[in-house]
Amino acid sequence: MQASTLLKKTFSISALALILAACGSQTETASSAASDNAASAPTEKKEIVFGTTVGDFGDMVKEEIKPLLEKKGYTVKLIEFTDYVRPNLALAEGELDINVFQHKPYLDDFKKEHKLDITEVFQVPTAPLGLYPGKLKSLDDIQEGSSVSAPNDPSNFARALVMMNDLGWVKLKDGVNPLTASKHDIADNPKNIQIVELEAAQLPRSRADVDFAIVNGNYAMSSGMKLTETLFQEPSFAYVNWAAVKTADKDSQWVKDVEEAYNSDEFKAYAKERFAGYKYPAAWGEAAAQGAASEAAATASAVPAEASAAQ
């Protein structure tokens, strides 16, 4: 009798232990799943750290975007860079929440080369690449052996070559992809133009040493140069710049709020007065939309299928 009672008690305790263990396992599984979901969910925040190159993009944040976001309850910090390399690395490493400084061809090349999980989210007003006078003051002054400084990163150097091709200073090979043109794609250089490749930030200062300088818009503006000084401007709409964020953040509410600020009526009015002559985002419904679409179609049809697949 005692043995039977003891056996029943032992069985009951064992069954209870199994039930509790099962409940504990389910709780741990649910907790783990909740933790995983939280980790993969977009981060919502009230402090946003911007990274821009010095000049116009930083001015846009300080003068207009920061006040607009502060009205929504955000705290905004700005870090300005003097190169095109560090802003993307800083974004990927978490030092920044968002950066504003680059066009999509540059972003695509950079994140592929460095294996970065970042993505473009919206366009921003952008000063066009321009050819500015150096020691020579007119396009008609071009002569045998003239020197032209140009940005040394591949995507912007390609833009410079396309500009010189448009001017007739060099001739590019037939069918070359304008987004990836390099020195190897120069078929003819009739005036023996000396192309001096420099970091983009050095181009404004280079004007004292070269005959002409092809200068990125943001560095031209930050150096006190004016769009009205340009002797020739890039006609392309393919290089309107983008804001970029970590891919995990692209659907976050704070990103939507930043995009809303850049596309607000207040910012549009400010940009059109403060940055007259810039190329504006296609989303604004400007001529940029039609120009960008037609150019993209023309570029795609000019690039061989295998080259398109590789990009």
Side-chain angles (χ1 to χ4, degrees), residues 48-66 76-111 113-114 116 118 120-121 123-134 147-160 163 195-210 212-227 229-230 233-234 239-246 258 262 271 274-275 277-279:
I48 304 172
V49 181
F50 281 79
T52 71
T53 42
V54 294
D56 51 2
F57 297 125
D59 292 342
M60 291 176 197
V61 173
K62 288 180 285 189
E63 297 172 3
E64 193 69 17
I65 297 302
K66 184 174 185 283
V76 175
K77 294 185 177 180
L78 172 65
I79 300 174
E80 294 180 281
F81 297 84
T82 57
D83 68 273
Y84 287 157
V85 175
R86 187 61 196 160
N88 278 332
L89 298 178
L91 175 61
E93 292 164 4
E95 296 174 25
L96 307 175
D97 297 311
I98 183 169
N99 68 34
V100 181
F101 78 99
Q102 65 196 318
H103 52 70
K104 193 171 183 300
Y106 179 84
L107 171 62
D108 289 344
D109 287 345
F110 193 95
K111 70 181 183 181
E113 179 183 355
H114 296 274
L116 303 182
I118 60 179
E120 71 281 358
V121 282
Q123 291 180 317
V124 298
T126 307
L129 191 69
L131 184 139
Y132 292 82
S147 57
V148 180
S149 60
N152 65 359
D153 63 277
S155 60
N156 284 314
F157 185 71
R159 298 167 70 188
M163 286 180 66
I195 304 174
V196 182
E197 299 176 57
L198 296 172
E199 290 284 343
Q202 299 177 21
L203 293 169
R205 294 192 298 273
S206 74
R207 297 169 69 192
D209 303 311
V210 296
F212 301 96
I214 297 176
V215 185
N216 298 72
N218 62 306
Y219 285 121
M221 300 302 100
S222 66
S223 300
M225 299 160 63
K226 298 179 181 178
L227 293 178
E229 293 181 59
T230 56
Q233 284 187 357
E234 174 184 54
Y239 298 98
V240 175
N241 284 11
W242 291 78
V245 299
K246 293 186 287 292
V258 174
Y262 271 98
R274 176 78 161 76
F275 301 106
Y278 276 45
K279 292 181 177 178

Self-check item: Separation between CD of Glu229 and CG of Leu131, rounded to the nearest 0.5 Å
Solution: 12.0 Å
Practice problem: Give a yes or no on whether the backbone of Pro133 and the side-chain of Arg207 come within a donor-acceptor separation of less than 3.5 Å. | Solution: yes
Quiz item: With side chains defined as the heavy atoms from C-beta onward, is the minimum distance between Lys62 and Val76 less than 4.5 Å?
Solution: no
Practice problem: Have a look at Gln102 and tell me which of Asn218, Leu107, Thr53 forms a side-chain contact (heavy atoms from CB on, under 4.5 Å) with it. | Solution: Leu107
Practice problem: List the steps, then state whether side chain to side chain donor-acceptor pair (under 3.5 Å) holds for Asp109 with Ser155. | Solution: CA-CA 8 Å; Asp109 287 345; Ser155 60; 5.1 Å; no
Quiz item: Between Leu116 and Asn88, is any pair of side-chain heavy atoms under 4.5 Å apart?
Solution: yes
Exercise. May I ask you to test the Met60-Lys66 pair for a side-chain heavy-atom distance under 4.5 Å?
Key: no
Quiz item: Where does the angle between the aromatic ring planes of Tyr219 and Tyr84 fall among parallel (under 30°), tilted (30 to 60°) and perpendicular (over 60°)?
Solution: tilted
Practice problem: Determine whether Val148 and Val210 make a side-chain contact, defined as any pair of heavy atoms from C-beta on separated by less than 4.5 Å. | Solution: no
Quiz item: Out of curiosity, Lys111 NZ to Leu91 CG, how far, rounded to the nearest 0.5 Å?
Solution: 11.0 Å
Quiz item: Where is the tightest heavy-atom contact between Leu227 and Ala127, given as atom of each residue plus distance?
Solution: CD2-CB, 4.3 Å
Quiz prompt | Euclidean distance, Thr230 OG1 relative to Met225 CE, rounded to 0.5 Å | solution = 9.0 Å
Quiz item: Does the side chain of Pro125 reach to within under 4.5 Å of the side chain of Val240, using non-hydrogen atoms?
Solution: no
Quiz prompt | Electrostatic pair Asp59-Arg274, nearest N-O below 4.0 angstrom | solution = yes
Quiz item: Of all heavy-atom pairs between Gln233 and Met163, which one has the smallest distance, and what is that distance?
Solution: C-CE, 4.3 Å
Practice problem: Could you walk me through whether Val245 and Val121 pass side chain to side chain contact (heavy atoms under 4.5 Å, CB included), step by step? | Solution: CA-CA 7 Å; Val245 299; Val121 282; 3.7 Å; yes
Practice problem: Report the residue from Leu203, Ile195, Val215 that forms a side-chain contact (heavy atoms from CB on, under 4.5 Å) with Ser149. | Solution: Leu203
Exercise. Starting at OH of Tyr132, measure out to OG of Ser206 and round the result to the nearest 0.5 Å.
Key: 12.0 Å
Self-check item: Donor-acceptor contact present, side-chain Asp83 to main-chain Val85, <3.5 Å
Solution: yes
Quiz item: What's the spacing between Glu120 CD and Lys104 NZ if we round to 0.5 Å?
Solution: 4.5 Å
Quiz item: Heavy-atom count around Glu199 CD within 6.0 Å, excluding the residue itself: above 12?
Solution: no
Quiz item: Under 30°, 30 to 60°, or over 60°: which ring-plane class applies to Tyr262 and Phe50, parallel, tilted or perpendicular?
Solution: tilted
Quiz item: So, are Lys246 and Glu93 salt-bridged, with charged N and O less than 4.0 Å apart?
Solution: no
Self-check item: Flag, side chain of Asn99 to backbone of Thr52, donor-acceptor distance under 3.5 Å
Solution: no
Quiz item: Can you tell me if Thr126 uses its side chain to pair, donor with acceptor, with the backbone of Val124 under 3.5 Å?
Solution: yes
Quiz item: Parallel under 30°, tilted from 30 to 60°, perpendicular over 60°: which one fits the rings of Tyr278 and Phe275?
Solution: tilted
Exercise. Grab the two heavy atoms, one from Gly58 and one from Glu80, that are nearest each other, plus how far apart they are.
Key: CA-OE2, 3.7 Å
Quiz item: Looking at side-chain heavy atoms only, is the closest gap between Phe101 and Pro87 below 4.5 Å?
Solution: yes
Self-check item: Min side-chain heavy-atom separation Phe110-Ile118 under 4.5 Å
Solution: no
Quiz item: For His103, which of Asp108, Asn216, Asn241, Asn156 qualifies under side chain to side chain donor-acceptor pair (under 3.5 Å)?
Solution: Asn156
